[in-house]
Engineer: 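Once you've had a glance at the structure underneath, I'll fire off some questions.
As a basis for the values below, the full set of heavy atoms in this structure was taken, side chains included, without hydrogen atoms, waters or symmetry mates. Quick note on labels: first sequence line is chain A, next is B, and so on, each numbered from 1.
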Amino acid sequence: MTTMAVTLPLPPVVSATPSSITLTNLDEAKPKTTAKDSSSPTGYFKNCKTMNELRQIHCNITKKGICHSPSSVTKLIAACAEMGSSESLHYARKAFECYNGDGGTTGLLFMYNSLIRGYSSAGFGGDAILLYIEMVVAGIVPDKFTFPFLLSACTKVVGFFEGSQAHGAVFKMGLEEDVFIGNSLVHFYAECGKIDYARKVFDGMLERNVVSWTSLICGYARRNCPEEAVYLFFEMVETGVRPNSVTMVCVISACAKLKDLELGEKVSAYMGEAGVKLNTLLVNALVDMYMKCGAIDSAKRLFNECVDRNLVLCNTIMSNYVRQGLVREALSVFGEMLQQGPRPDRVTMLSAFSACAHLGDILFGKQCHGYILRNGLEGWDNISNAMIDMYMKCGKQEMAHRVFDCMSKKTVVSWNSLIAGLIRNGKVESAWEIFKDMPDSDLVSWNTMVSALVQESMFVEAIELFRVMQNEGIIADRVTMVGIASACGYLGALDLAKWILTYIEKNDIHCDMRLGTALVDMFARCGDPQSAMQIFNKMVRRDVSAWTAAIGAMAMEGNGEQAIDLFNEMLGQEVKPDEVVFVALLTACSHGRSVDQGRHLFRSMTEIHGIPPQIVHYGCMVDLLSRAGLLEEALDLIKSMPMEPNDVIWGSLLAACRNHKNVQVAAYAAERITKLASERTGIHVLLSNIYASAGKWTEVAKVRLQLKEKGVHKVPGSSSTEVNGIIHEFTSGDESHSENTQIALMLQEINYRLRDAGHVPDLSNVMLDVDEKEKEYLLSRHSEKLAIAFGLISTGQGMPIRVVKNLRMCTDCHSFSKLVSRIYEREIVIRDNNRFHFFRQGYCSCCDYW
DNA sequence: GTAGGGTTAG
């Protein structure tokens, strides 16, 4: 029922909008004495369960002619209000209209109160507010019972303006000391998101009871301030107020939000002390808390022990199972529900669809769709949205579109599910087109697109979209920032990184573990390990991913020792290592040339941590050993692998053979690599480059041909540098930059000065069959050189130049950078696809080992 | 008369 369903005979002086509650209406009315109507029939409607029963009784007493007293009408209205269906309320309203004006003010007041309560508790807050207006206009003075009902109605429609007006009326009437009204005001303000106002009312209350405390605790818990809620709970207990089951439900849900099991159990201990008995709502809150805290077994036990599992409890455990990725468990609960009840409802089906989506199980998904249709559960937008998501995740785009097209009321979630689904199925372009024309979009829509661009490696575009968000006045949240931080990290744009951090602080964006980790990673990739560690040290909670980001920061810098120290600290804090952290560790050892440490860590994986090394770990070890020149040991390790070595493994060995000039092992590796007939461009390029540097141009041509046949091309080298917040990208030999002439002149000057300093270009880095002069020209136009030249002309003297390169640096560019850093007295930081190089005063932090 | 549970998309 909406406000339109009941036609209210409102006086013409008052507009139909709820905002017309005014204080003057109240001022004109004068309080009247109340009198009890003793002659009315009592209890007629008391035990009515259904509308039919009620109608029957009403009919009977009407026949007897005893229904005309105001009291009996009041009781009828109360009974209808109690039922809370739109039908019963409609009946009540009609009965009320028949008697309007007849029963004296007292009787009318009771009727109004009853009806307002009924509308409010049945969720028709708007109708309740309108009724209040009508009552005031009719000259009926509200009493202290009216306001809790009215405020509850205002809460339901989040009518902040209306509620504030009611608050004003409470003051005018001198009712502010009533504890029920105080409690209602606390609840109202909290639900409107004005938790500070709620607190103010609470602090000003002369009398407080358990409901006052509970209302505020609940307010904090729901407003995402669970710490405050728990704190308030302990304060309440200390004050000597005993919690009841409602309080416990609120505070336990706060613990669930905090994901703090220890606290949850501590809080639960008060139940015994306070003598609070478990009811279904409380069991539900506990199960939810245990699940969210990861204590799956405790949740399961409680759930199994509960004899009268109701629908909500089943839904709670199911949705949590799905969220935790325990889809099989969720489906087992679902199966039991189908067999022995409670009967799945729409909320159950949301979890069921989510489970199908997780599994990508289209058969089961279709069965669920069938269940919806058979049981008349369709036509609810949430269900359709969940189905769009499910079909998309199962790769059934046409079905998703069909569900979408059939929706009569598409919500923003429908659109978001559609674009996210398209992106997941590789249709980023279509998603973008839809995104641009969506009838309404929200933060999730923007975040979806930002993440999609990041996922597609379109980092500049992602940041561009973020800028558009700024211009449109949309405040990003932590999900946006995770995507943007990631994009910024890939671009290695340090100024942008610093700006991002300021933005987060300025906009008070909560930095959770995920965002913290993303920021650590961002600064690490931007070549600022100090800032990375500063953020890491400030993080309250750190999981293995957070530690991995910090260890990775050390690895990129080539600081193997500190990486190991961090790892030991992590173990000391009883954080369980995973496969990923070992990749970071072994990489750190590789960059730091710590062969012994690497061997030790690699062994410890199986011997201490019970993590069997995967191919990627073997890859790291082969890289570590072969770079250090231990080619034979690397080869032995490859031969001992329990799995088939891939092209990456042979590639590392091959690359090392080139540096250590071991033709024998190289030939063996090359043979293996060609046998794998891999489609990885890098390897073929490397192979072709090895042949090229040995002058075997026929072989080079052969490999190039293979590449062409497979449709793969050499990834062109590209470097980017950030100047004044703008990212300038250069590809090898690029002439497209607007300042191309100045860049060319600068390069010329650099090369003269380098030659004077005795630099001889290393032409073996040019892997093409061209003459020397051409080779020298090509070499001088490598993308990082262009970026450095641009950096020199566009930034002030002494400013560091930061460059991000997509491929590994060649030896000529490396010695070029070293000399430029000395001659021009500039710090040059280059991140290649493997690590960082900090060039200062003619030296590089990698000690020429990369 | 006031306070409490499960809900899809990034």
Engineer: Counting only side-chain heavy atoms from C-beta out, which of B/dT2, B/dA9, B/dG6 sits nearest to A/V312?
Structural biologist: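 The nucleotide sitting nearest to the side chain is B/dG6.
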
Engineer: Heavy atoms only, 4.0 Å cut-off, all strands: where does A/D477 land among base, sugar-phosphate and nothing?
Structural biologist: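 The residue A/D477 makes base contact.
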
Engineer: Of the nucleotides B/dT2, B/dG6, B/dA9, which has the atom closest to the A/N416 side chain?
Structural biologist: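 Among the listed nucleotides, the one closest to the side chain of A/N416 is B/dA9.
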
Engineer: If you only use heavy atoms from C-beta on, which nucleotide in B/dT2, B/dG4, B/dA9 is closest to the side chain of A/D389?
Structural biologist: B/dA9

Engineer: Using atom CG of A/L281 as one end and atom P of B/dG5 as the other, report the distance to the nearest whole Å.
Structural biologist: 8 Å

Engineer: Expressed in angstrom and rounded to an integer, what is the separation of A/I217 atom CD1 from B/dT2 atom C1'?
Structural biologist: 15 Å

Engineer: Let's see if you can work this out: which of B/dG6, B/dG1, B/dA9 has an atom nearest to the side-chain heavy atoms of A/D178?
Structural biologist: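 Nearest listed nucleotide: B/dG1.
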
Engineer: Testing A/Y220, A/F234, A/Y231, A/F202 for ring-ring contact (aromatic ring centres under 6.0 Å, His included) with A/W213, which one passes?
Structural biologist: A/F202

Engineer: Below the 4.0 Å mark, does B/dT2 have OP1 or OP2 next to a side-chain nitrogen or oxygen of A/H187?
Structural biologist: no

Engineer: Using a heavy-atom cut-off of 4.0 Å across all strands, would you classify A/D288 as base, sugar-phosphate, or nothing?
Structural biologist: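 Since no nucleic acid heavy atom lies under 4.0 Å of A/D288, the category is nothing.
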
Engineer: Rounded off to whole Å, could you give me the CG-to-C1' distance for the A/N279 and B/dG5 pair?
Structural biologist: 10 Å

Engineer: Send over the distance from A/F110 CZ to B/dG1 P, rounded to a whole Å.
Structural biologist: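 Those two atoms, CZ and P, are 12 Å apart.
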
Engineer: Carefully, step by step, assess A/D203 and A/R199 under the rule salt bridge (charged side-chain N to carboxylate O under 4.0 Å, His left out).
Structural biologist: CA-CA 6 Å; A/D203 286 340; A/R199 180 84 210 204; 3.5 Å; yes

Engineer: Heavy atoms from C-beta onward define the side chain here; which of B/dG4, B/dG6, B/dT2 lies closest to that of A/L311?
Structural biologist: B/dG6

Engineer: Which pair of heavy atoms, one from A/L151 and one from A/I181, lies closest together, and at what distance?
Structural biologist: CD1-O, 4.3 Å

Engineer: For B/dA9 and A/R424 - does any side-chain N or O of the residue sit under 4.0 Å from the phosphate oxygens OP1/OP2?
Structural biologist: no

Engineer: Just call it for A/F145: base, sugar-phosphate, or nothing, with non-hydrogen atoms closer than 4.0 Å on any strand.
Structural biologist: base

Engineer: Side chain of A/W380 only, heavy atoms from C-beta on: which candidate in B/dT7, B/dG5, B/dA3 is closest?
Structural biologist: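 The answer is B/dT7.
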
Engineer: Base, sugar-phosphate or nothing for A/T316? Non-hydrogen atoms, less than 4.0 Å.
Structural biologist: sugar-phosphate

Engineer: Rounded to the nearest angstrom, tell me the gap between atom NZ in A/K393 and atom P in B/dT8.
Structural biologist: 10 Å

Engineer: A/M349 CE to B/dT8 P: how many Å, rounded?
Structural biologist: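 Computing the A/M349:CE to B/dT8:P distance gives 14 Å.
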
Engineer: Expressed as a whole number of angstroms, how long is the span from A/N244:CG to B/dG4:P?
Structural biologist: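 It is 12 Å, rounded to the nearest whole Å.
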
Engineer: Look at the side chain of A/D345 and decide which nucleotide, out of B/dG6, B/dG1, B/dG4, has an atom nearest to it.
Structural biologist: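 Selected nucleotide: B/dG6.
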
Engineer: At 4.0 Å (heavy atoms only), tell me whether A/R323 reaches a base, stays on the sugar-phosphate, or touches nothing.
Structural biologist: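 Touches sugar-phosphate only.
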
Engineer: Among the candidates B/dT7, B/dG1, B/dG4, find the nucleotide nearest to the side-chain atoms of A/C250.
Structural biologist: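 Ranking B/dT7, B/dG1, B/dG4 by closest atom to the A/C250 side chain puts B/dG4 first.
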
Engineer: Phosphate oxygens OP1/OP2 of B/dT7: is one of them under 4.0 Å from a side-chain N or O of A/S319?
Structural biologist: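 Answer is yes, contact under 4.0 Å.
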
Engineer: Within the structure shown, what part of the strands sits under 4.0 Å from A/S212 by heavy-atom distance: base, sugar-phosphate, or nothing?
Structural biologist: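 Answer is nothing: A/S212 stays at 4.0 Å or more from every strand.
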
Engineer: Could you tell me which non-hydrogen atom of A/V454 sits nearest to which non-hydrogen atom of A/A462, and how far apart they are?
Structural biologist: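 So the minimum-distance heavy-atom pair works out to CG2-CB, 3.8 Å.
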
Engineer: So what does A/A420 hit on the nucleic acid, given a heavy-atom distance under 4.0 Å: a base, only sugar-phosphate, or nothing?
Structural biologist: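 It contacts sugar-phosphate atoms only.
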
Engineer: Taking CD in A/E472 as the centre, count heavy atoms belonging to other residues, nucleotides or ligands within less than 6.0 Å. Is the count above 12?
Structural biologist: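 For A/E472, atom CD is crowded (more than 12 foreign heavy atoms under 6.0 Å).
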
Engineer: How close or far is atom C1' of B/dT2 from atom NE2 of A/H167, stated in whole angstroms?
Structural biologist: 14 Å

Engineer: For A/N310, answer base if it contacts any base atom (sugar-phosphate contacts may also be present), sugar-phosphate if it contacts only those atoms, and nothing otherwise; contact means non-hydrogen atoms under 4.0 Å.
Structural biologist: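 Contact class for A/N310: base.
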
Engineer: Closest approach to the side chain of A/V444, judged atom by atom: which nucleotide of B/dG6, B/dG1, B/dA9 is it?
Structural biologist: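 For A/V444, the side-chain atoms sit closest to B/dA9.
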
Engineer: Establish, yes or no, whether a centroid distance under 6.0 Å links the rings of A/F404 and A/W415.
Structural biologist: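 Ring-ring flag for A/F404/A/W415: true, centres closer than 6.0 Å.
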
Engineer: Is A/R222 close enough to B/dG4 that one of its side-chain N or O atoms is under 4.0 Å from OP1 or OP2 there?
Structural biologist: yes

Engineer: Do A/T214 and B/dG4 share a donor-acceptor pair, side chain to base, under 3.5 Å?
Structural biologist: no

Engineer: Taking any heavy-atom pair under 4.0 Å as a contact, classify A/L151: base, sugar-phosphate, or nothing.
Structural biologist: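 Nothing, no heavy atom under 4.0 Å.
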
Engineer: Are A/R323 and A/K292 close enough that some pair of their side-chain heavy atoms sits under 4.5 Å apart?
Structural biologist: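 Sidechains of A/K292 and A/R323: in contact.
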
